[in-house]
Structure formats: C-alpha cells, structure tokens
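Take a look at the structure below.
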There are 2 protein chains.
Amino acid sequence: MNESKGRSIPETVKGVPEPTLRRLPLYYRLLKQLRDSGRAGVSCTMIGTELKLDPTQIRKDIEVTGTVGRPKVGYDINELICAIERFLGWDNTVEAFLVGAGSLGEALMGYGGFTECGLQIVAAFDVDPTKCHRVMHGKHVRHVSKLPNLMRRMKVRFGIITVPAAEAQQAANLLVEGGVLAIWNFAPAKIQVPERVIVTNEDLYCSLAVLSQKMTRKLALSRSKGGSKP
Amino acid sequence: MNESKGRSIPETVKGVPEPTLRRLPLYYRLLKQLRDSGRAGVSCTMIGTELKLDPTQIRKDIEVTGTVGRPKVGYDINELICAIERFLGWDNTVEAFLVGAGSLGEALMGYGGFTECGLQIVAAFDVDPTKCHRVMHGKHVRHVSKLPNLMRRMKVRFGIITVPAAEAQQAANLLVEGGVLAIWNFAPAKIQVPERVIVTNEDLYCSLAVLSQKMTRKLALSRSKGGSKP
DNA sequence: CATAAATCGAGAATTATTTCTTTATATATA
DNA sequence: TATATATAAAGAAATAATTCTCGATTTATG
Ligand SMILES: NC(=O)c1ccc[n+]([C@@H]2O[C@H](COP(=O)([O-])OP(=O)(O)OC[C@H]3O[C@@H](n4cnc5c(N)ncnc54)[C@H](O)[C@@H]3O)[C@@H](O)[C@H]2O)c1
Ligand SMILES: NC(=O)c1ccc[n+]([C@@H]2O[C@H](COP(=O)([O-])OP(=O)(O)OC[C@H]3O[C@@H](n4cnc5c(N)ncnc54)[C@H](O)[C@@H]3O)[C@@H](O)[C@H]2O)c1
C-alpha cells in the first residue's frame, strides 16, 4: 500500500483516530477468546454482532493495523491478534515506575492483567517514609527523591501517577526529570509536561459524569412522563 | 429559552454529546479551585487558558447546563458550579452497591472523593466467604446472594462492578435483578443488560491502548528519523 | 458621554468520525 | 463449470464535533 519497505504497519502522517485506538482492545479481547475456543478465522460481521458495533467501522479499525482479510472468509485470528499487538506496542515489554503507593497504586501493582499488554511495573515511589523500603506485590517501594536518577539508570520511560491530586504535578515533574516518555495519570488533576511527553488521564470523574448525567436525565424524563405534580 | 416552566436545564430531545459530558468535570474542578482562591467570576477565555481548550468549545459546553453569562464579564462562578452539579446530577446523593470487594473494590470503598459527586457506596458484596461479614472502610461486605433483595429493599439503583472479568456478567445479572438503573463497570468485559440500564465501562485497557500506541508510534518515528540501520 | 476592549451567543465553516454504497473476490453449491 | 452468497475494500455520503466569524452587549477609560 505504501512503498513496500518491509514494514506492514503503515506510517501515516496523521495519527490514528482515538476512538479507533480505544476500540482495538475490545477486538483484541474477543479475538483471544475466540482463538481459545478453537476458531481460526473471524469476520467483521461476527465481531460486530458480538460487540454490537458496525462491521464497517470494525473493518476500518482493523485496516489501521495493516491486516488484510479475504472476501467471504474474513481474517486469520492469529494474524489479527498479532497485528493489533504490534500496532499498539503490546508485543514489547515496557517497564514502568509507579508514583504513589497508596490504595489505588497498590491495587495496580497487584494487578497482573497488564502484562498482557507488555506493561510491567518494576518499582514504586512514595514520600511516606513508612511505605518506603517495603516490598508490595514483589515491587520495591522507594523514596520519591530516588526516582529521577533511578529512572535514567534503569532506562525506564513509562510513568504511572497515583498520588493525591495536589501532588500530581510534583510527581509529574520527577518523572520528567527522569526522562519519562509517557505518563498514565490517575489523579484528577491536569499536569503540565513538556510537549514531547505523552499523557493520558484516567479521570474517573469524567466517566462518572457521563453515567450520572444519563441517569439524571432518564429519571427526569420518566418523572415528567409519569407526571408527578410540581 | 424553552417554554419557561420553572426549570433551567433545557430538556433537549437528543442527549448531550459525550465529549461535552466528559469535559464538564474538568471545568467543575477548576471552578471550585478558583472559587476557593476568592474569585467570583470567570470567563471562557480564562478557563481555556488554564485547561488548554478552545474558549468557544467551553462556551458551548457551558450552554448545555443552562447557565448564561454576560459579555465582557463572563459567568458567576458559584452559579456555574451549581449549574454543572445540577446538570450532572451531582447535587443529589446517589447510593451505590459495589460488587467484588477485591483490591480495586476496596480502593474505591476507601476513596472519599466521590461524595463530591453525590456518590456514596453503601455496601459491598462478594462471593468469597472470608470477605463476607467484614466491614471495609465502614461498609458492610455481604454475600452476593443477598444483593437483589437488599437492593430492592434499600431502593439502591446504582451498581459498581469490580469482580474479575469472567464474573462480570453474573454480577450484572444480580444488579439487574435488584432493579439497577446504572452500572459502572470496571471489569474488562462486555456485559449484557436490558436496554433500560445505563452502563459505562471503565476499561483501563482502552486508555492504555491510546497511550502505548502513541508511545510506540513516537518511538518508531524517531527511530526512522534518527536512522538506525535495519 | 464617547470610545475601546473583552466576551458572550449564534450561526457558519471546517474537520473528524461513522455509516452507507458499490465493486471485486473467494468459497460453497448445484 | 456456472451461480449464489458472504465479505473485504474503497470511496461517497451523512452525521457529529470542533473551530472560526461576526454581531451584540457590557464594562472600563479617557
Ligand atoms: N482510590 C480510588 O479508588 C481512587 C479513585 C479515583 C481516583 N483516585 C485518585 O488516585 C490517586 C490515589 O488515590 P488513593 O486512594 O490511592 O490515595 P492514597 O492516599 O491511598 O495514596 C496516595 C499515596 O501517594 C503518596 N504520596 C503523596 N504525595 C506524594 C508525592 N509527592 N510523591 C510520591 N508519593 C506521594 C501517599 O503517601 C500515598 O501513599 C488520587 O489522586 C485519587 O484522587 C483514586
Ligand atoms: N486491580 C487493578 O488495579 C485493576 C486494574 C484494571 C482492571 N481491574 C479489573 O477490576 C476487577 C477487579 O480487580 P481486582 O484486582 O480488585 O481483583 P480481585 O481479585 O482483587 O478482586 C475481585 C473480587 O471479586 C470477588 N468475586 C469473584 N467473583 C465474584 C462474583 N461472582 N460475585 C461477587 N464477587 C465476586 C472476589 O472474591 C474478589 O474479592 C477485575 O475485573 C480487573 O480486571 C483491576
């Protein structure tokens, strides 16, 4: 499709739409299930039925991974799984530092599921002296002051922030000092970083807003139809 | 703007765009900070500078809450905060049941931040007998078999799922049996519910996909520019 | 009191994303 | 072998979301 230079992922100048990126893990998960159940091939129609999504959209999403399918047949499941892994960068291990060994941080450290995506938390950092020098789920917790140097020495380039919102900027600064490339920020706070650093906020309040507004709206509508008096 | 029937939130037939809903908490948070710092008014220009967003977009977002501003002046901060709260339904307390008192579930139970949004976890449920009859962060943990009845009796209509992916559907079924209206699903699994039930998935893999793909892409581009040979 | 500057509000234009349409191709079946 | 059918692929159309433009309004200032 491009000049065929031996790479199968097309290096588009424009990035891939974020909605597409957010759907790929959904396909990935389903595909693994299908593979485990013994299937070898899959069509967009089938994925769409399963996930309640439009088959054309799925086809376009799959296209960005560089996988080609065959009419009437669909895609080879293994090939597709590998392509998604490769496209998302889940085929390589990425080591990460976690800042803030509190309850959320500890839950993330104990969670094994992200190894599937190549993500491996290798150490945690905290300001609380009672948390430092401990080992949580096999990971050392060190004092934050050690973070930048250790990060450079270990060549770690991925950071996870799970400190209180008020401390998030400080945590981000340390990661930047350590040469971080990407930050997954769980604190409900906006952090300022140099432009080269990629940030994704896991802001639970945003999801909650969607849910509670829809619920509120539905209640309001049903009340106005049901007709309780003012 | 509508027939003025005493309510300030316009009941549009079409729902509000989800991107708008996801931005409102960002404004809300900033507005509270500004209020605490003594300000009384705010303009979209200021919010936009602070949050690095387009002022027009902010203006359109604010419009859905029914707040009107004044040219040259902007909006009254208090009024705006109240309008967002009202619009999202964060001005009323909503009681919730949590299913799956594991590490993530416990973190959520211990987290006080959601009371700001009116969300209050009132009880947790688990299958593990060693977790039942315990109290976590002041909340009773009961056996899941008790969930549907208790939910109806207590008139709880909000559910949070933090069980392993394989059990998510089962958890959802119990919530539906209890008459749930809205579910916040943290398990990386698609759940099937009746159409009347609102579901929001907090799928960490989707966010991670965005982050790791961008990081992978950036690395690939810098490598091809830097020019390491094959 | 007139003028300038900032900002809202409404609508137009642009851009992004999804959905529809058509065509070509591979497989199965008669 | 011919025909029917499911499906990928490509592109067009429709829809959704963002960004731009401009007129109106309010406040501050000379
Ligand atoms: N726990 C949840 O369920 C939940 C839900 C939504 C959002 N969050 C957000 O996640 C973050 C963590 O929440 P939590 O419940 O784990 O809080 P927590 O208080 O349990 O943990 C925070 C940890 O960060 C450490 N810390 C504080 N300042 C630090 C600094 N400057 N550098 C390094 N470490 C520092 C603290 O010592 C503590 O161990 C918060 O921003 C919170 O708003 C948590
Ligand atoms: N822990 C994390 O950081 C993290 C991160 C991303 C996603 N998740 C997801 O969140 C969910 C919970 O993760 P976790 O780490 O807390 O797991 P966990 O194993 O610590 O907790 C799960 C809890 O659910 C209970 N449970 C199992 N089946 C149940 C059922 N049918 N009904 C009621 N309770 C049941 C278990 O007894 C356990 O207490 C999982 O789906 C996981 O994939 C967790």
Side-chain angles (χ1 to χ4, degrees), chain A residues 1-2 4 8-10 12-24 26-27 31 34 39-77 79-80 83-84 206 209-210 213-214, chain B residues 1-2 8 10 12-24 26-27 31 34 39-77 79-80 83-84 206 209-210 213-214:
Chain A
M1 201 172 270
N2 294 26
S4 53
S8 41
I9 298 170
T12 45
V13 178
K14 295 285 296 178
V16 169
E18 200 165 305
T20 294
L21 293 179
R22 298 190 71 89
R23 279 188 300 264
L24 287 174
L26 274 35
Y27 310 149
L31 291 169
L34 290 172
R39 285 197 133 270
V42 69
S43 72
C44 292
T45 317
M46 180 184 299
I47 300 176
T49 309
E50 208 63 41
L51 260 33
K52 300 229 173 78
L53 292 173
D54 185 273
T56 313
Q57 182 170 68
I58 297 168
R59 204 166 291 131
K60 288 228 194 296
D61 289 344
I62 286 176
E63 204 174 18
V64 307
T65 69
T67 316
V68 294
R70 286 194 307 168
K72 174 89 191 205
V73 177
Y75 305 87
D76 179 82
I77 289 193
E79 196 185 323
L80 194 44
I84 294 176
C206 297
V210 176
Q213 199 276 333
K214 286 186 180 168
Chain B
M1 203 171 268
N2 295 25
S8 41
T12 46
V13 178
K14 295 284 297 178
V16 170
E18 199 166 305
T20 294
L21 294 179
R22 300 190 69 91
R23 279 188 300 265
L24 286 174
L26 273 35
Y27 309 149
L31 291 168
L34 291 173
R39 285 198 135 271
V42 69
S43 72
C44 291
T45 317
M46 181 185 296
I47 300 177
T49 309
E50 209 63 41
L51 261 31
K52 301 228 173 77
L53 293 173
D54 185 275
T56 313
Q57 181 170 70
I58 297 168
R59 206 167 290 130
K60 287 225 193 299
D61 289 342
I62 286 176
E63 206 172 17
V64 307
T65 70
T67 316
V68 294
R70 286 194 308 170
K72 172 88 195 214
V73 177
Y75 305 87
D76 179 81
I77 288 193
E79 197 185 324
L80 194 43
I84 294 177
C206 297
V210 176
Q213 199 276 332
K214 286 185 182 168

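Because only heavy atoms are used, hydrogens play no part in the values below, and waters and symmetry mates are left out as well, while side chains stay in. No experiment lies behind these values; they were computed from the predicted model shown. In the text below, chain A, chain B and the rest are named by the order of the sequence lines, each starting its count at 1.
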Quickly work out the [X] [atom1] to [N] [atom2] distance and round it to whole Å.
X	N	atom1	atom2	result
A:Ile47	D:dT7	CD1	P	11 Å
A:Glu79	D:dA8	CD	P	13 Å
B:Met46	C:dA6	CE	C1'	12 Å
A:Leu21	C:dA16	CG	C1'	14 Å
B:Ile58	D:dA17	CD1	P	17 Å
A:Arg22	C:dT18	CZ	P	12 Å
B:Asp54	C:dC8	CG	C1'	14 Å
A:Leu53	C:dC20	CG	P	13 Å

Tell me whether the side-chain N/O atoms of [X] come closer than 4.0 Å to OP1 or OP2 in [N].
X	N	value
B:Arg23	D:dT18	yes
B:Arg59	C:dC8	yes
B:Tyr75	C:dG9	yes

For this session: Return the 5'-most residue of the pair B:Thr45, A:Asp61 with respect to DNA chain C, ranking by each residue's nearest nucleotide.
Result: B:Thr45
Exercise. Counting side-chain heavy atoms from C-beta on, which of D:dT7, D:dA17, C:dA10 comes nearest to B:Pro17?
Worked result: D:dA17
Exercise. C:dT18, D:dA9, C:dG9: which one has an atom nearest the side-chain heavy atoms of B:Glu63?
Worked result: C:dG9
Exercise. Which part of the nucleic acid does B:Thr20 contact within heavy-atom distance under 4.0 Å: base, sugar-phosphate only, or nothing?
Worked result: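 Result for B:Thr20 = nothing.
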I need the minimum non-hydrogen distance between [X] and [Y], along with the two atoms involved.
X	Y	result
A:Arg22	B:Val210	CG-CG2, 3.7 Å
A:Ala209	B:Leu21	CB-O, 3.6 Å
B:Cys44	B:Tyr75	SG-CE1, 3.5 Å
A:Cys206	B:Leu26	SG-CD1, 3.6 Å

Exercise. Between atom OG of A:Ser43 and atom CZ of A:Arg59, what is the distance when rounded to the nearest 0.5 Å?
Worked result: 8.0 Å
Problem set entry | Atom pair OG1 (A:Thr67) and CG (A:Asp61), whose distance is rounded to the nearest 0.5 Å |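 One finds 11.5 Å between OG1 of A:Thr67 and CG of A:Asp61.
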What are the atom names and distances for every N/O pair under 3.5 Å that joins the protein to nucleotides 11-14 of chain D?
{"from": "D:dG11", "atom 1": "O6", "to": "A:Lys60", "atom 2": "NZ", "distance (Å)": "2.9"}

Seminar exercise, completed: Readout for nucleotides 23-30 of chain C: B = base within 4.0 Å of protein heavy atom, S = sugar-phosphate only, - = neither; 5' to 3' it is --BBB---
What I'd like to find out is whether the side chain of [X] reaches to under 4.5 Å of the side chain of [Y], using heavy atoms alone.
X	Y	value
B:Lys60	B:Thr20	no
B:Lys214	A:Glu18	yes
B:Ile77	B:Leu80	no

Side-chain donor-acceptor pairs under 3.5 Å in residues 45-54 of chain B, sequence neighbours left out?
{"from": "B:Thr49", "atom 1": "OG1", "to": "B:Thr45", "atom 2": "O", "distance (Å)": "2.7"}
{"from": "B:Lys52", "atom 1": "NZ", "to": "A:Gln192", "atom 2": "OE1", "distance (Å)": "2.8"}
{"from": "B:Asp54", "atom 1": "OD1", "to": "B:Thr56", "atom 2": "N", "distance (Å)": "2.8"}
{"from": "B:Asp54", "atom 1": "OD1", "to": "B:Thr56", "atom 2": "OG1", "distance (Å)": "3.1"}
{"from": "B:Asp54", "atom 1": "OD1", "to": "B:Gln57", "atom 2": "N", "distance (Å)": "3.3"}

